[in-house]
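Everything quoted here is computed from the prediction, not taken from an experiment.
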Amino acid sequence: MGNHALATNSVVFRHANLEITTHGSDWYYTVCAIMGLSAILVMAHSFTKHQTQRFFHHVTAVLLFVASVSYFSMGSNLGQVPIPVEFPRPGSSQVFAAGTREIFYVRYLDWVVTTPLLLVDLLVTAGVPWPTVIVTILADEIMIVCGLVGALTRTRYKWGYWTFGMLAFFYVVYSLLVHGRRGANAFGGTVKKTYYACGVVLVTIWFLYPIAWGVSEGGNVIHPDSEAVFYGILDVIAKPVFSFILLWGHRNIDMNTLGVGVPAIGQAAARLHEDEKHHHHHHHNGQQAGTTSAVQPEAAAHINGANGTQSTAA
Ligand code: RET
């Protein structure tokens, strides 16, 4: 059973002179499988957590599924468009003056959905306030759209988009280094450790993307098969590896501490009834509960009484 994707999809739209080969296709399908299996593992693991404690599992599973679909597209030689190159490089053994290069715009559709989710994973871990999260995500979206438009541009003006993208990227990094770090330091403990571990992976790996772009869509230096390997390795570290470190770090963090404990259906009503029954002899046990350092004792008593995982009242 060989890989016939290239031949089958050669009839879909137009094709560049310089395209992935079956090797590139095989590799893209391999990464597609890694992303898909990781997503399934994350979903399976989410069932070991209480219903209210699955926020990061769900965000992470979604971004892994989206990446899997994007890699399916690229393995199938779809989600691409031929673009004339700025530098044909006649002497190059990699791109040999092919003239048009295959640009996978589907890569950017993936990133425009998944990079904000990765930022949510990291910034919400540090308890960063939502207005800051939204502004950081906006900068991230600008960065990705600049990368897309630049990749579709034939002339040297493509580097203008790359430069604007870099400016937006610096804001994202600034936000992680300043706002995120401040939040993580305020929590200390496991939250801080997890934020720093994942933050270092994210910032170092993300810095390599503009370089990959510079030698692929930008400068037309490396073959689309090499581009597949370059981006593929980055994506496996930026998504599955990053996610596993993050979720491992979250094994002992209470979602209510971070404000993303999702109430089970009917729980709010149940809590109301409980409160009405017990309001005569209210227990102020928030301090002793230990896991809810970020909430006021009053609020902590309510949360502990209702979420079923660490009820010390009753
Ligand atoms: C572009 C070109 C414009 C300048 C910059 C870029 C950065 C892209 C990044 C992408 C990250 C992607 C991830 C994917 C996960 O699988 C758009 C290449 C700065 C940082 C993390």
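- The cluster map of Ile, Leu, Val, Met, Phe, Trp and Tyr, joined by side-chain heavy atoms under 4.5 Å apart, puts V173 and I134 in different clusters.
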Dump the intermediate steps for side-chain contact (heavy atoms from CB on, under 4.5 Å) on V149 and V145, then the final yes or no.
CA-CA 6 Å; V149 179; V145 173; 4.2 Å; yes
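- Each of Y174, W130, Y171 was checked for a ring-ring contact (aromatic ring centres under 6.0 Å, His included) with H179, and the lone residue meeting it is Y174.
- Using modelled atom types, no side-chain atom of E102 and backbone atom of Q80 make a donor-acceptor pair closer than 3.5 Å.
- Looking at heavy atoms from C-beta onward, F56 lies out of side-chain contact with S46 at the 4.5 angstrom threshold.
- Applying side-chain contact (heavy atoms from CB on, under 4.5 Å) to C198 and the options L118, L246, T125 leaves one that passes, L246.
- Side-chain contact, K239 with T114: a donor N or O sits under 3.5 Å from an acceptor N or O.
- Closest heavy-atom contact between K49 and R251: NZ-O, 3.5 Å.
- Counting only heavy atoms from C-beta outward, the side chains of F187 and I253 never approach each other to under 4.5 Å.
- F65 and V62 fall into different hydrophobic clusters, where Ile, Leu, Val, Met, Phe, Trp and Tyr residues are linked whenever their side-chain heavy atoms come under 4.5 Å apart, directly or through other members.
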Take L176 and W206 through the test side-chain contact (heavy atoms from CB on, under 4.5 Å) and record every step on the way to the result.
CA-CA 12 Å; L176 295 174; W206 284 35; over 6 Å; no
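- Residues E217 and K158 are not in side-chain contact: their nearest non-hydrogen atoms beyond the backbone lie 4.5 Å or more apart.
- When all heavy atoms are compared, the tightest approach of A151 to Y108 is CB-OH, 3.7 Å.
- No donor-acceptor pair under 3.5 Å is formed between the side chain of N77 and the backbone N or O of L6.
- Residue F244 places its CZ atom among more than 12 non-hydrogen atoms of other residues, nucleotides or ligands, all under 6.0 Å distant.
- Within a 6.0 Å radius of CZ in F13, no more than 12 heavy atoms belonging to other residues, nucleotides or ligands are found.
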I would like to know whether H223 and L18 meet side-chain contact (heavy atoms from CB on, under 4.5 Å); could you show each step before the answer?
CA-CA 8 Å; H223 190 275; L18 188 64; 3.7 Å; yes
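- Atoms OH and CG, on Y195 and L202 in that order, are 8.5 Å from each other to the nearest 0.5 Å.
- The aromatic rings of F207 and F169 lie perpendicular to each other, with more than 60° between the two planes, well past the 30° mark.
- Although no hydrogens or angles enter the test, the distance criterion places a donor-acceptor pair under 3.5 Å between the side chain of S25 and the main chain of G75.
- Here CD1 of I144 is found 11.0 Å from CG of L109. Values are rounded to the nearest 0.5 Å.
- F230 and Y71 fall within the same hydrophobic cluster, where Ile, Leu, Val, Met, Phe, Trp and Tyr residues are linked whenever their side-chain heavy atoms come under 4.5 Å apart, directly or through other members.
- Two residues are said to be in side-chain contact when any heavy atoms from C-beta on lie closer than 4.5 Å; L152 and L148 meet this criterion.
- At least one side-chain heavy atom of W111 sits less than 4.5 Å from a side-chain heavy atom of D235.
- Taking the six-membered ring for Trp, W213 and Y161 have ring centres at least 6.0 Å apart.
- Between H50 and T52, the side chains place a donor N or O and an acceptor N or O closer than 3.5 Å (distance only, hydrogens not considered).
- Taking hydrophobic clusters as Ile, Leu, Val, Met, Phe, Trp and Tyr residues chained together by side-chain heavy-atom distances below 4.5 Å, V203 shares a cluster with V201.
- In plain terms, the two heavy atoms of G261 and N256 that are nearest each other are CA-OD1, 3.4 Å.
- For the residue pair S243 / D121, no side-chain donor-acceptor distance below 3.5 Å is found, with atom types taken as modelled.
- When atom types are taken as modelled, the side chain of T163 and the backbone of W159 share a donor-acceptor pair closer than 3.5 angstrom.
- The same ILVMFWY cluster, assembled from side-chain heavy atoms under 4.5 Å apart, contains both L117 and V106.
- N9 places no side-chain N or O within donor-acceptor distance of the main-chain N or O of L78, the cut-off being under 3.5 Å.
- Remark: F72 CZ is loosely packed, at most 12 non-hydrogen atoms of other residues, nucleotides or ligands lying under 6.0 Å away.
- Distance check: Y28 OH to E227 CD gives 5.0 Å after rounding to the nearest 0.5 Å.
- Annotation: side chain of L258 is not in contact with side chain of F55 (no heavy-atom distance under 4.5 Å).
- Rounding to the nearest 0.5 Å places OG1 of T153 at 8.0 Å from CD1 of I83.
- Side-chain contact of T22 with N3: a donor-acceptor pair under 3.5 Å is absent, judged by distance alone.
- To the nearest 0.5 Å, the span separating CG on L247 from NE2 on H57 amounts to 4.5 Å.
- Within a 6.0 Å sphere centred on NE2 of H23, heavy atoms belonging to other residues, nucleotides or ligands number 12 at most.
- No side-chain donor-acceptor contact under 3.5 Å links R107 to the backbone of M74.
- The shortest side-chain heavy-atom distance between V133 and L119 does not fall under the 4.5 Å cut-off.
- The nearest pair of heavy atoms linking T136 to S175 is OG1-OG, 2.8 Å.
- Note that NE2 of H45 and CH2 of W248 are 8.0 Å apart. Values are rounded to the nearest 0.5 Å.
- Between V221 and V95, the shortest heavy-atom distance links the atoms O-CG1, 3.8 Å.
- Contact of the S216 side chain with the R101 side chain is registered, since non-hydrogen atoms from C-beta on lie closer than 4.5 Å.
- Counting only N and O atoms by type, the side chains of N252 and T190 include no donor and acceptor under 3.5 Å apart.
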Run the side-chain contact (heavy atoms from CB on, under 4.5 Å) check on Q51 and V262 step by step: do they pass?
CA-CA 8 Å; Q51 250 188 325; V262 179; over 6 Å; no
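- Residues E141 and V112 share a closest heavy-atom pair of OE1-CG2, 3.0 Å.
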